[in-house]
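The next block holds one structure in the form of structure tokens; read it before the comments.
Just the heavy atoms: all of them, side chains too, but no hydrogens, waters or symmetry mates, feed the values below. We count ligands from 1, going down the list as the structure has it; atoms in each ligand are counted the same way. Given the structure is predicted, the values throughout are model-derived calculations rather than measurements.
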Amino acid sequence: MADRDPRNRLNDLTGPEWIYALRSVIATRYPTSGAESYAHHLRRRHPSPKPPQLLAELVRFFTRSGGHVLDPFVGVGGTLLACAMEERSAVGIDLSAEYADCYAEVCRELKLTPQPFVVGDSRNLSSYAEVQAKPFDLILTDPPYAQMQAKAKTGEHKKRGRSAATPFTASESDLGNLDYRGFLRELRLVLTSALPFLKPKGHVVLFTKDLQPTADHHNMLHADIVQELRDVPHLAFRGYRIWHDQSQNLYPFGYPFAFVSNQVHQFILIFRYEP
Ligand SMILES: C[S@@+](CC[C@H](N)C(=O)[O-])C[C@H]1O[C@@H](n2cnc3c(N)ncnc32)[C@H](O)[C@@H]1O
């Protein structure tokens, strides 16, 4: 059994565990039923709950035991569950009281002590006592992808009987209801206001998914987010990983006329705060 290098201040991983965590594509299949699904049957009330085990892998790499994590777009609490699994603490923010109730129900079912969940607008995050309480080691979040849900009239959404018009919430404050440029601007604002609460050398880890190209823009949202954040003071882009979401089905988009990509992957963008 390899020992942890005493110079490693980032995480509690050994050398071999560190190497495994560097694979650029994560292609694990996470269960959506049974004990290992972390109450997915409740969390699936949300249009895109992330597997807590996937978030736990990131939490293990970017924090040490006892670390503190902020998720300003927490949904039904995937990041909070991941932190409970990994003995880290966390604060989540989401606009939706319904998602907060769902997270509370998940905690009751899993017999977990709930982590602080602020029902509020993350554009005001600096005003929340839970955010001010102590500095974070990691900001790990999955923002609502610039009208992604509204535009994605895929079989997956039809199958689940969801409205394509109201993505996560119907609120005007929901970043998912903004247009592409408005989304980038507000995401930048949220992250810029969160940085003072992050420890130096702490990381910002963001999930995102590209949109289909249109005549006027490539719509590679992951690239546009990196570009938008390039001059945020002290925030350095460090690279990305890809999550291959094994639960996504393939659809015959474009058949039999033209190529249209099936996007079964998401980008995990990694930034470091270097004040
Ligand atoms: C992609 S989902 C996050 C899902 C989450 N990772 C999970 O596992 O449940 C994005 C979330 O951002 C929330 N949201 C959108 N705009 C917000 C805002 N201004 N402040 C706080 N939350 C917001 C939405 O309600 C939605 O639940």
Side-chain angles (χ1 to χ4, degrees), residues 30 32 37-59 69-85 90-107 110 114-128 130-131 138-152 156-157 162-163 166-179 182-194 205-209 211 221-222 225 243 245 247 266-269:
Y30 301 105
T32 52
S37 78
Y38 292 88
H40 184 262
H41 64 285
L42 297 174
R43 292 184 297 107
R44 71 191 294 275
R45 285 181 209 152
H46 189 283
S48 65
K50 285 276 172 301
Q53 297 96 321
L54 166 65
L55 300 164
E57 172 168 346
L58 299 168
V59 165
V69 181
L70 173 66
D71 185 342
F73 302 101
V74 77
V76 286
T79 300
L80 307 182
L81 296 173
C83 287
M85 288 156 67
V91 174
I93 306 174
D94 202 283
L95 284 174
S96 167
E98 200 185 315
Y99 297 156
D101 291 345
C102 181
Y103 169 65
E105 204 176 327
V106 168
C107 288
L110 300 178
Q115 311 253 11
F117 189 127
V118 178
V119 177
D121 188 336
S122 53
R123 290 173 303 178
N124 304 328
L125 63 79
S126 61
S127 65
Y128 299 128
E130 293 85 344
V131 172
L138 168 67
I139 297 172
L140 170 60
T141 197
D142 173 24
Y145 327 132
Q147 291 188 321
M148 186 74 183
Q149 298 289 328
K151 286 187 177 168
E156 204 62 37
H157 285 262
R162 289 200 175 101
S163 155
T166 49
F168 296 110
T169 72
S171 168
E172 282 181 6
S173 308
D174 190 327
L175 268 62
N177 296 334
L178 300 176
D179 64 19
F183 166 78
L184 289 170
R185 189 188 58 236
E186 297 297 292
L187 179 65
R188 178 194 163 102
L189 192 146
V190 170
L191 295 176
T192 306
S193 66
V205 176
L206 293 179
F207 279 83
T208 191
K209 195 168 178 171
L211 281 69
L221 184 55
H222 80 282
I225 290 176
W243 171 45
D245 181 356
S247 73
Q266 296 195 15
F267 293 86
I268 305 170
L269 305 177

Which residue pairs satisfy the salt bridge (Lys or Arg N to Asp or Glu O under 4.0 Å) criterion with at least one member in residues 50-59, sequence neighbours excluded?
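As it turns out, the salt bridge (Lys or Arg N to Asp or Glu O under 4.0 Å) pairs with a partner in residues 50-59, which skip direct neighbours, are Arg23-Glu57, Lys50-Asp142, Glu57-Arg241.
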
Show every salt bridge (Lys or Arg N to Asp or Glu O under 4.0 Å) that has at least one partner inside residues 69-78, sequence neighbours left out.
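Qualifying pairs: none.
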
Identify the heavy atoms of Pro144 and Gly176 that sit nearest to each other, and give their distance.
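Nearest pair, atom of Pro144 first, then Gly176: CG-N, 3.4 Å.
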
Validation row: Tyr128, Val91 side chains within 4.5 angstrom (heavy atoms)
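The answer is no, as the side chains (C-beta and beyond) never meet within the 4.5 Å cut-off.
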
When you compare the side chain of Val76 with that of Val106, does any pair of heavy atoms fall below 4.5 Å?
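With C-beta onward as the side chain, the pair stays apart.
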
Could you work out, with salt bridge (Lys or Arg N to Asp or Glu O under 4.0 Å) as the rule, every residue matching Glu98, not counting sequence neighbours?
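Checked Glu98 against salt bridge (Lys or Arg N to Asp or Glu O under 4.0 Å); zero matches.
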
Mind checking what residues have non-hydrogen atoms under 4.0 angstrom from ligand 1?
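Within the 4.0 Å shell of ligand 1, which is judged on heavy atoms, sit His46, Ser48, Pro49, Lys50, Pro72, Phe73, Val74, Gly75, Val76, Gly77, Gly78, Asp94, Leu95, Tyr99, Gly120, Asp121, Ser122, Asp142, Pro143, Pro144, Phe168, Thr169, Ser173, Asp174, Leu175.
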
